[in-house]
Amino acid sequence: MSANPHPRPSVAHSIAALRETVRQWRRAGESVAMVPTMGALHQGHLDLVRAGLARRDRVVVSIFVNPAQFAPHEDFDAYPRTLDSDLDKLAGVGADVVFAPSAREMYPEGFATRIVPEGAALGLETDFRPHFFGGVATVVAKLLLACLADDAMFGEKDYQQLAVVRQLVRDLNIPTEIVGCPTTREADGLAMSSRNAYLTAAERAAAPVLHAAMQDAARAIRGGAMIEVALAPARERILAAGFRDLNYLVVRHAVTLAEVKDPASEPMRMLVAAWIGKTRLIDNIAV
Ligand code: AMP
């Protein structure tokens, strides 16, 4: 007997097959949520599925390691691919269908269109991964248009990406509501990430400092400290704990991601990206 209360989700490999499944649900009057992922699923992804099922009748999880969002020197080849165990995990939470296209299905011969997001995409991640949000925006637009779900669930873990996706859907009139979901963390505060699998034991032990240092800095800012005064010791602490390169630790406007002009009145978000060993980690919290 299976330990799972639900059957394994069926797998659609083509856009046509996904559309046919969604068409049948629609005919039965059912609503649909989509959860775009790159697989190597963890509890954070499963929480997105649960949030989707709480809002809608059916959930489609896409699993596609998108070559267009990796630069040649990045970890596209090394990125974990674990479809079999992903399907077991998704059965555990009751996802209905996995959309797992090949690169050829998403980018067939002759593919020649790319979305270039500006606004929320400028700065932060783009300063260090200039190709990244173009690749994300293009693939997310394709995934959303393939599924035409009522809702698409995205994690706050990738906070700038969430802002870029909201902007994309607004600007291109894609008829899917973007739903942001809180970051799922390990007990010690480390944000769950498929890339945490790259960490050595020593790096894993050091990694929670990102969250801890941000929390202390946010507390100081809430207590009236100047932003830069609060961030300086947090930067030192992160580097002292074993991170080798701090790409950024900043406070931005929580909606536009613009520089903060008036800390007293603006909603604020603290965002960090840093390298430990061979792994680049990102995280963010509300201030
Ligand atoms: P990825 O990990 O790139 O496959 O991300 C797929 C989706 O899962 C994105 O919307 C991420 O923001 C979201 N996600 C990844 N990690 C977490 C987490 N720890 N908590 C909540 N959502 C997450």
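All ligand and atom numbering here is 1-based and tracks the order in the structure.
Counting non-hydrogen atoms of other residues, nucleotides and ligands closer than 6.0 Å to CD of Glu259 gives a total of 12 or fewer.
Inspection of the Asn66 and Tyr107 side chains reveals an N or O donor paired with an N or O acceptor under 3.5 Å.
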Taking a 3.5 Å cut-off between nitrogen or oxygen atoms, can you list every pair linking ligand 1 to the protein, with distances?
{"residue": "ligand 1", "atom": "2 (O)", "partner": "His45", "partner atom": "NE2", "Å": "2.9"}
{"residue": "ligand 1", "atom": "4 (O)", "partner": "Met38", "partner atom": "N", "Å": "2.8"}
{"residue": "ligand 1", "atom": "4 (O)", "partner": "His45", "partner atom": "NE2", "Å": "3.4"}
{"residue": "ligand 1", "atom": "10 (O)", "partner": "Gly155", "partner atom": "N", "Å": "2.9"}
{"residue": "ligand 1", "atom": "12 (O)", "partner": "Gly155", "partner atom": "N", "Å": "3.2"}
{"residue": "ligand 1", "atom": "12 (O)", "partner": "Gly155", "partner atom": "O", "Å": "3.2"}
{"residue": "ligand 1", "atom": "12 (O)", "partner": "Asp158", "partner atom": "OD2", "Å": "2.7"}
{"residue": "ligand 1", "atom": "16 (N)", "partner": "Met192", "partner atom": "O", "Å": "3.4"}
{"residue": "ligand 1", "atom": "19 (N)", "partner": "Thr184", "partner atom": "O", "Å": "2.9"}
{"residue": "ligand 1", "atom": "19 (N)", "partner": "Met192", "partner atom": "O", "Å": "2.8"}
{"residue": "ligand 1", "atom": "20 (N)", "partner": "Thr184", "partner atom": "N", "Å": "2.8"}

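Side-chain contact between Asp283 and Arg185: present, with at least one pair of heavy atoms (C-beta onward) separated by less than 4.5 Å.
Within the structure, the ring-ring contact (aromatic ring centres under 6.0 Å, His included) test picks out the following pairs touching residues 39-64 (sequence neighbours left out): His42-His45.
Between Tyr248 and Phe128, the angle of the ring planes lies from 30° to 60°, which puts this pair in the tilted group.
The existence of a salt bridge linking Asp150 and Arg58 is excluded, since no basic side-chain nitrogen approaches an acidic carboxylate oxygen closer than 4.0 Å.
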